[in-house]
Amino acid sequence: STQSTWGDSATWHSPVLEKKMSALDFVKSVVVNLVRLAVLAAILYASVNIRLDAVKTYGRVIHEFDPWFNYRATEYLVRNGWDKFKNWYDEEAWYPLGRHVGSTIYPGMLLTAAGIFRTLEFFDLGVSLNDVCVFIPAGFSILSCLFTMGLAYEATRNINASIIVAGIMAIIPSHLMRSVAGGYDNESVAVAAIAGTFYFWVRSQRNPGVVSFIFAVLSGFSYIYMVAAWGGYVFVLNMIGVHAALMAFMNLFFESKFNHHLHRCYSAWFVIGTIGALQFPIVGWLPFQSMEQLGPFFVFLGLQFLYVLDLVKTKHFNNNEEKFNTFRRSLVTGLIVVAAVLFNILLGLGYVHGLSNRVRSLFIPHTHTGNPLVDSVAEHQSTPNTVYWHYFHITCYFGPVGFIACFFNRNPAKVFAILYCVLAGYFSRKMIRLVLLLAPAASISAGIGISLALEWVWAIATQALASSKDEDAAAETAEDTGAKGAASPADKKKGKGTEAKKAKSNSLASLIFNAQPFKLSSNPVFKLLQIGGAFLLAVVVFRSLIEFNVHSWRVSEDLSHPTIMVKARSHSGEPIIIDDFRQAYWYLRDKTPQDSRVMAWWDYGYQINGIGNRTTIADGNTWNHEHIALLGRCLISPEEEAHRMIRHLADYVLVWTTRYAGMAGDDLAKMPHMARIGGSVFSDINPNDYWMDQSGQPSPKLRKSLLYKLHAYGFQPEVVLSKFEEAYTSPNRMVRIFKVKNVAKRHPVGKYPAELNFVLNKSKAFKQ
């Protein structure tokens with residue numbers, strides 16, 4: 001019979017091909033595999049269902065801020081086609097500058113949604129583009145689960161452990177945080193792209209051969225999609241680069257040989273992936289210029305160098321290790337010196353770029369990045385410890401068990417899993433947004449840990465049951481011996497052989513888990529402790545899984561609240577939906593001229609564009625630091641000074657005043673960020689002048705600011721406006737819109753009007 005580890009792939013081999021497998025074993029194997037498929041199907045269903053709470057509660061609504069830009073851009077792509085999309089210069093955003101969308105966007109998710117919509121439209125299924133965009137995050141969670149399951153299988157070659165991993169990945173909150181229905185953001189497809197690229201890469205390292213090489217090619221194409229989907233492709237690029245470098249190092253220094261298969265696979269992946277990445281304008285030549293992307297390129301060059309050295313060793317040194325090692329050391333040292341000098345020259349000339357602000361923030365304390373715009377974003381905050389329990393729950397204590405297990409019986413996939421846990425864990429500590437990178441790694445390590453626990457429980461339980469049966473059989477044998485006489489030596493020998501065979505192959509455990517059973521102690525005391533420990537461990541595991549499921553559903557409900565709609569209760573206790581934000585945007589859409597320009601803090605630009613269909617001054621793309629600083633100056637300046645600038649930029653000013661509805665985080669709360677960003681460009685702005693004390697009293701400068709007046713007008717009698725007129729206040733006073741009086745003649749898009757030079761001349765270009 002086939003001997004294998006718990007859940008090994010042996011159970012997936014056709015039983016018909018196993019000559020020694022009986023008909024009963026064949027039936028049992030089929031039943032077990034059908035059960036596995038049923039469990040996997042239930043997991044994938046749960047993966048989608050847990051993400052649909054928002055749709056069930058709020059309907060098919062796009063959430064948050066960035067998803068509204070993605071939806072608007074997808075509409076443009078569907079309506080105008082790819083060629084026009086690539087050249088799209090959006091004059092309805094970043095007025096008066098505008099924005100070239102085609103060169104500043106990752107189009108992967110948009111192309112995916114457009115392709116799905118066109119396919120459904122071809123079959124006349126009556127599905128709207130909005131519905132496609134709403135459900136994409138939930139649908140792609142299936143791919144994330146399957147690819148993560150594949151990663152786990154490559155590391156463990158264990159079907160049952162892999163299914164447990166898929167179950168964790170399906171509902172783990174760190175994956176949910178960016179994949180609930182309606183969250184039409186890049187990360188919702190990027191997690192699947194990350195897991196897919198990693199799976200194909202790790203599968204390519206299983207063993208040398210054509211099939212494995214094909215998986216390396218697939219990994220390259222999957223990486224291209226990853227590049228198209230999200231800026232986090234840099235993490236994927238470096239993960240595979242570090243893994244390849246480490247595997248090459250291990251082969252050279254522990255096995256004293258060059259890994260030709262690794263060289264072929266990495267070369268194929270890097271060449272295919274890099275050629276594909278260069279096709280996207282937002283990437284350009286960064287794979288050869290950006291410091292955070294050069295590492296994998298150096299790994300590629302290093303592997304070519306080692307390949308040539310291996311050929312030289314064979315042809316010119318006749319495998320003389322001593323002479324070859326001397327030659328290699330001299331050559332490597334010289335090349336390192338030359339490369340270091342060349343790199344510094346290119347860095348000085350500006351050909352090689354330094355680390356970006358967001359990447360720098362991953363290696364230094366968050367509040368000291370030197371860029372107040374980056375520091376103002378909540379999801380760029382460093383991750384508190386409490387976040388880990390909230391988003392990872394039981395993986396926090398099962399994960400370390402699986403992580404340690406990966407150090408035993410190492411293979412390339414286990415080495416990759418170790419690196420993945422370490423690197424993703426580090427970056428998740430640095431930025432809350434990057435917690436999702438750790439979701440597949442945490443699922444894999446926790447799944448391995450849980451599977452090991454269940455393997456031990458099953459082994460002890462089945463051995464205890466077998467031991468009990470053997471004792472009963474021994475008692476019956478003793479009675480028969482007493483009645484019929486002592487057994488012959490040959491019979492005793494045969495009996496011992498039968499018992500040994502039973503101990504070696506526990507049929508039920510082998511069928512379900514393929515376990516090599518942990519030995520049950522013959523000492524009655526230790527045996528009892530083992531059985532008791534197995535029972536307690538089983539209780540802990542299953543109770544933990546139940547609690548994890550309940551916790552994940554609760555978190556899913558919390559994550560399913562869209563920022564544009566708020567669930568609350570009326571005075572009578574009835575559940576209600578507060579829709580102030582959309583109502584304000586609908587007012588802009590329906591009650592203002594179509595060419596109206598709306599000034600608001602950059603957070604809301606995407607929603608004003610996407611829902612209100614009006615021109616904005618700035619949005620979440622944040623590509624122009626100086627322009628956002630000008631926007632901040634407009635809002636924090638006194639009314640007269642602010643109006644002198646705003647009349648050349650906008651027809652309306654929109655502010656969030658959610659504090660009147662009992663919600664923190666409105667525009668007054670963001671005032672210090674506005675001042676810091678403004679002060680980074682305008683030296684006459686002192687950010688320390690803008691604050692509110694614990695009782696809510698504003699500082700003198702803040703009280704005089706336009707933003708404070710727009711908040712307080714109509715609610716505080718002493719606050720009056722002369723240059724702005726109230727146009728709309730939402731039913732719950734969460735959003736207010738003011739019309740700008742005496743608006744200047746509209747200036748063409750492309751540059752600032754000359755009338756703003758009085759303030760622009762005070763600015764300086766922001767430098768990190």
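- Put simply, the side chain of P296 reaches to within 4.5 Å of the side chain of N238, judged on heavy atoms.
- Rounded to the nearest 0.5 Å, atoms CG (D580) and OG1 (T729) are 10.0 Å apart.
- The existence of a salt bridge linking E187 and R433 is confirmed by a sub-4.0 Å separation between a basic side-chain nitrogen and an acidic carboxylate oxygen.
- Contact between A669 and R659 at its shortest, heavy atoms only, is N-NH2, 3.6 Å.
- No donor-acceptor pair closer than 3.5 Å links the side chain of S556 to the backbone N or O of R51.
- Checked by atom type and distance alone, the side chain of S174 never pairs as donor or acceptor with a backbone atom of L436 at under 3.5 Å.
- A donor-acceptor pair is defined here as one N or O able to donate and one able to accept, closer than 3.5 Å; no such pair exists between the side chain of N87 and the backbone of G102.
- Among all heavy-atom pairs drawn from W623 and G98, the shortest one is CZ2-O, 3.5 Å.
- The aromatic rings of F297 and F270 sit parallel to each other, their planes meeting at less than 30°, with 60° as the upper class boundary.
- The shortest heavy-atom contact between T104 and I282 is C-CD1, 3.6 Å.
- Side-chain contact check for H625 and S680: at least one donor-acceptor pair (N or O, by modelled atom type) lies under 3.5 Å.
- Residues that satisfy the ring pair (Phe, Tyr, Trp, His ring centres under 6.0 Å) test with Y233, not counting sequence neighbours, are absent from this structure.
- Other residues, nucleotides and ligands contribute more than 12 heavy atoms inside 6.0 Å of the NZ atom of K56.
- Rounding to the nearest 0.5 Å gives a distance of 9.5 Å between CZ of F117 and CD of E75.
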*Does the pair V740 and D651 meet the rule for a side chain to side chain contact (heavy atoms under 4.5 Å, CB included), with working shown?*
CA-CA 5 Å; V740 183; D651 303 288; 5.7 Å; no

*I would like to know whether M109 and F140 meet side chain to side chain contact (heavy atoms under 4.5 Å, CB included); could you show each step before the answer?*
CA-CA 11 Å; M109 182 182 64; F140 265 72; over 6 Å; no

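- Atom CG in D666 sits 12.0 Å away from atom CZ in R736 (nearest 0.5 Å).
- Using the six-membered ring where Trp is involved, H627 and W94 have ring planes that are tilted, between 30° and 60° apart.
- For the pair W68/I611, a side-chain contact is recorded, criterion being any heavy-atom separation below 4.5 Å from C-beta on.
- Between the R614 side chain and the L588 main chain, a donor and an acceptor come within less than 3.5 Å of each other.
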*Go through the steps for S141 and S179 under the test side-chain hydrogen bond (donor to acceptor under 3.5 Å, both in side chains), then give the verdict.*
CA-CA 7 Å; S141 71; S179 60; 6.0 Å; no

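- Taking the six-membered ring where the residue is Trp, F69 and W88 present parallel rings, their angle staying beneath 30° rather than reaching 60°.
- More than 12 heavy atoms of other residues, nucleotides or ligands shown are found within 6.0 angstrom of CZ on F288.
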*Apply side chain to side chain contact (heavy atoms under 4.5 Å, CB included) to the pair V180 and D53, showing each step before the final yes or no.*
CA-CA 8 Å; V180 295; D53 185 72; over 6 Å; no

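- Other residues, nucleotides and ligands contribute only 12 or fewer heavy atoms inside 6.0 Å of the CZ atom of F221.
- Residue Y225 comes nearest to A193 through the heavy atom pair CD2-CB, 3.8 Å, listed as atom of the first residue, atom of the second, then distance.
- Looking at N624, its side chain does come within 3.5 Å of a backbone N or O of E626 through a donor-acceptor pair.
- No side-chain heavy atom of M671 sits under 4.5 Å from any side-chain heavy atom of D667.
- Between W230 and I194, some side-chain heavy-atom pair lies under the 4.5 Å cut-off.
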*Would you check, one step at a time, whether the test side-chain hydrogen bond (donor to acceptor under 3.5 Å, both in side chains) holds for T148 with Y199?*
CA-CA 7 Å; T148 304; Y199 166 69; over 6 Å; no

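- Summarising the geometry of A618 relative to I628, their closest heavy-atom pair is CB-CG1, 4.4 Å, with the distance given to 0.1 Å.
- Using the six-membered ring where Trp is involved, F85 and W82 have ring planes that are parallel, under 30° apart on the 30 and 60° scheme.
- Annotation: side-chain hydrogen bond (donor to acceptor under 3.5 Å, both in side chains) contacts of D603 (sequence neighbours excluded): K670.
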*Audit row: V435, T383, side chain to side chain contact (heavy atoms under 4.5 Å, CB included) steps and yes/no*: CA-CA 8 Å; V435 161; T383 309; 4.0 Å; yes

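- Between the D131 side chain and the R60 main chain, no donor and acceptor come within less than 3.5 Å of each other.
- Side-chain contact between P173 and H390: absent, with no pair of heavy atoms (C-beta onward) separated by less than 4.5 Å.
- Rounded to the nearest 0.5 Å, atoms CG (L129) and CG (L77) are 9.0 Å apart.
- F235 places none of its side-chain heavy atoms less than 4.5 Å from the side chain of L434.
- Counting only N and O atoms by type, the side chains of S560 and Y58 include no donor and acceptor under 3.5 Å apart.
- Put simply, the side chain of T657 gets close to the backbone of R733: a donor and an acceptor are under 3.5 Å apart.
- By the 4.5 Å heavy-atom criterion applied to side chains, M599 and L649 are counted as neighbours.
- Under the 3.5 Å distance criterion, the side-chain polar atoms of S188 are left unmatched by any main-chain donor or acceptor of Y184.
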*With ring-ring contact (aromatic ring centres under 6.0 Å, His included) as the test, would you mind laying out the steps for F198 and F147 before giving the verdict?*
CA-CA 8 Å; F198 286 168; F147 284 132; over 10 Å; no

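- Listed by chain and residue number, W656 satisfy the ring pair (Phe, Tyr, Trp, His ring centres under 6.0 Å) test with Y604 (two or more places apart in sequence, or in another chain).
- E92 has a carboxylate O that lies under 4.0 Å from a charged side-chain N of R72, or vice versa, which qualifies the two as a salt bridge.
- At distances below 3.5 Å, not a single donor-acceptor pair connects side-chain atoms of T274 with backbone N or O atoms of V271.
- Taking CG of L635 as the reference point, atom CG of L710 lies at 8.0 Å (rounded to 0.5 Å).
- The environment of W586 atom CH2 is dense: over 12 non-hydrogen atoms of other residues, nucleotides or ligands sit within 6.0 angstrom.
- Between the S219 side chain and the T197 main chain, a donor and an acceptor come within less than 3.5 Å of each other.
- A heavy-atom distance below 4.5 Å is found between the side chains of R597 and R746.
- In this structure, SG on C133 lies 8.5 Å from CG on N70, to the nearest 0.5 angstrom.
- Nearest heavy-atom pair across I172 and A442 is CD1-CB, 4.3 Å.
- In this structure, R582 fails the cation-pi test against Y587, since its NZ or CZ atom is not both closer than 6.0 Å to the six-membered ring centre and inside 45 degrees of the ring normal.
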